[in-house]
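Worksheet: one structure, shown below.
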Amino acid sequence: MNKKILAVAAVAAMVASIPAVCSAEDVELNVIAAEYGQNTAEWWAGFVEDFNNDNPGIKLNVEVVSWNDIYTVVNTRIQGNNAPDILNIDVFADYQADGLLLPAQDYVSEETYAKMYPSFLEQSVVDDVVWAVPDLASARALYYNVDILEAAGVEVPATWEELTAACEAIKAYDDSIYPWGIDMTTDEGQAAFAYYTWNNGGGFVDENGDWALNSPENVEAIEYAIGLVNSGYTNSDPANDTRYDLQDMFGAGQVAMVIAPNSLPTYIAEGGHEVNYAVASIPCNTGESVSAGVMDRFMCFDNDYSDEELAAVTAFFDYFYEDARYSDWVLMEGFLPATMAGGEAVAAADESMAAWVDIVGSSKFYPTAKAEWADVKQGVIDAEQRALLGEDVQTLLDELQADIAG
């Protein structure tokens, strides 16, 4: 496994299972889960308590880790021969390539497996085998502050030319407002790469599925994004302003436009903000806007399980994907479901989510089934951050392409 990982950082949040007596006969399950927002740790704490009460003989432990730290935490555990049993994260292919994972159908019951959207399962296929199951999904769109755009006298931009003009007008209207939000941090920099390159006819791979990181379309796209920053049209520190920072700024009326997931309204409301916003397609330079779909996963490490231990893993997934409980999980942070019953429940609970369920089905996804994805993800973020410091985009992407494809 590639060890080019960020230096170990402090774990942002940790949730151990509710204290209980664990007998020698109990099967112990250790889970590392990603922290999605303000409610994640509390939700998992309740899940652990319920699961342990309802599944005597199994002792579940869940550790919730921030996205900024989770890759380092997991890889440090693996290097120490202490891999978790179950991992909730976005990437899987590098773990699979190293022979660390079990096929999904070895630990997910037929009933639970049948609930999942086939298109989501296809995102985790290598050599005709599904190696991970979808946790949840989100889609991205343009959110804009209606009042600010009206006051600045601009229409919602659909093209890059219109976006640049809108930024200029908003800046002239009120220099204290950031017209456009950009996140090129270690948290979401790969998403920025996708937003701009996909909407300029480029992307991570070409039509044959081969890496094409330094394509002319990609170079032009990242140069355009960096140009917005250099023109003073964006938040001042894209290398450190995370999506949560931008969402807070948008909720507070400090950012006029931002690309964000369908969970943004929930985040804003729970942060105590009120903003008059609307949603539109992501501006593009090619005539056809592309939305970015993001899907995270559960995977099970091959820890030489006994039949009893593997049955405990299966019990975990059956419990998690129980329809009412899973719908509660998805709605808790405002994400999109990865199961058909979940989709129906979410649409019934919130009519505004029904359209998002359709959007995520037509979105582009990261090429996470390719073993090099983890390196590509970190590589494009590094290239963006170095470009923010003034380095040449063409040179940076040429170097990354050579490193990945060579």
Side-chain angles (χ1 to χ4, degrees), residues 15 17-18 29 31-55 58 60-64 84-90 92 104-105 107-124 130-139 261-263 265-267 270 293-300 311-361 365:
V15 177
S17 63
I18 301 301
L29 282 182
V31 179
I32 293 179
E35 184 179 35
Y36 287 99
Q38 302 101 319
N39 303 313
T40 305
E42 182 180 357
W43 190 92
W44 274 115
F47 180 92
V48 168
E49 183 175 16
D50 292 344
F51 181 90
N52 285 336
N53 288 337
D54 293 341
N55 293 272
I58 304 175
L60 176 65
N61 307 292
V62 176
E63 181 181 346
V64 179
D85 298 306
I86 298 167
L87 174 63
N88 165 218
I89 204 170
D90 52 352
F92 82 99
Q105 290 183 292
Y107 56 86
V108 178
S109 68
E110 291 184 8
E111 179 182 4
T112 294
Y113 193 85
K115 294 180 178 182
M116 299 172 185
Y117 289 116
S119 61
F120 283 19
L121 291 168
E122 289 169 3
Q123 304 301 318
S124 300
V130 177
W131 295 95
V133 292
D135 162 29
L136 46 72
S138 67
N262 51 281
S263 57
T266 300
Y267 184 93
E270 292 182 349
V294 179
M295 186 190 80
D296 296 331
R297 298 168 169 84
F298 281 111
M299 59 209 72
C300 180
V313 175
T314 301
F316 169 87
F317 285 104
D318 285 344
Y319 200 81
F320 181 86
Y321 285 104
E322 186 274 324
D323 292 342
R325 186 173 296 106
Y326 177 69
S327 297
D328 180 64
W329 161 252
V330 172
L331 289 168
M332 177 266 299
E333 296 285 9
F335 285 98
L336 297 175
T339 70
M340 288 167 275
E344 294 171 1
V346 167
D350 184 349
E351 292 182 3
S352 68
M353 295 293 285
W356 282 103
V357 173
D358 293 335
I359 287 173
V360 78
F365 287 86

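Quick note: residue numbers are just sequence positions, from 1.
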Quiz item: Which is it for Tyr319 and Asn55 under the side chain to side chain donor-acceptor pair (under 3.5 Å) test, yes or no, and what are the steps along the way?
Solution: CA-CA 10 Å; Tyr319 200 81; Asn55 293 272; 5.3 Å; no
Practice problem: In sequence, state the C-alpha distance, the side-chain angles, and the governing distance for Asp296 and Phe335, and then conclude on side chain to side chain contact (heavy atoms under 4.5 Å, CB included). | Solution: CA-CA 11 Å; Asp296 296 331; Phe335 285 98; 5.9 Å; no
Quiz item: side chain to side chain contact (heavy atoms under 4.5 Å, CB included) between Glu344 and Asp323: does it pass, once the steps are laid out?
Solution: CA-CA 10 Å; Glu344 294 171 1; Asp323 292 342; over 6 Å; no
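Leu29 is listed as a side-chain neighbour of Val313, based on a closest heavy-atom distance under 4.5 Å. Side-chain atoms of Met299 and Ile89, non-hydrogen and from C-beta on, do get closer than 4.5 Å to each other. Side-chain contact between Leu121 and Pro134 is present, with heavy atoms from C-beta onward closer than 4.5 Å.
Of the possible polar contacts, one joining the Asn53 side chain to the Glu49 backbone as a donor-acceptor pair under 3.5 Å is found. Checked by atom type and distance alone, the side chain of Asn262 pairs as donor or acceptor with a backbone atom of Ala139 at under 3.5 Å. With hydrogens and angles ignored, the 3.5 Å screen pairs a side-chain donor or acceptor of Thr40 with a backbone N or O of Gly37.
Taking every heavy atom of both residues into account, Ala104 and Val133 meet most closely at CB-CG1, 3.9 Å. Between Gly342 and Thr339 the shortest heavy-atom distance is N-OG1, 3.0 Å. Of all heavy-atom pairs spanning Gln123 and Arg297, the tightest one is O-NH2, 2.8 Å. In this structure, Leu336 and Val330 approach most closely via the heavy-atom pair C-CG1, 3.7 Å. Nearest heavy-atom pair across Leu60 and Val48 is O-CG1, 3.6 Å. Looking at every heavy atom in both residues, Ala132 comes nearest to Ser124 through O-CB, 3.5 Å.
Here Asp90 pairs with Lys377 under the salt bridge (Lys or Arg N to Asp or Glu O under 4.0 Å) rule; sequence neighbours left out. For Tyr117, the ring pair (Phe, Tyr, Trp, His ring centres under 6.0 Å) partners are Phe120, not counting sequence neighbours. For Glu322, the salt bridge (Lys or Arg N to Asp or Glu O under 4.0 Å) partners at least two apart in sequence or on another chain are Arg325.
Between atom CG of residue Asp135 and atom CG of residue Leu87 there is a gap of 10.5 Å, rounded to the nearest 0.5 Å.
If you run ring pair (Phe, Tyr, Trp, His ring centres under 6.0 Å) between Tyr321 and each of Tyr326, Tyr113, Phe316, only Tyr326 comes through.
Between Phe320 and Trp44, the ring centre distance stays below 6.0 Å.
Classified by interplanar angle (parallel below 30°, tilted 30° to 60°, perpendicular above 60°), the ring pair Tyr107/Phe317 is tilted.
Side-chain polar atoms of Thr112 and Ser109 form a donor-acceptor pair below 3.5 angstrom.
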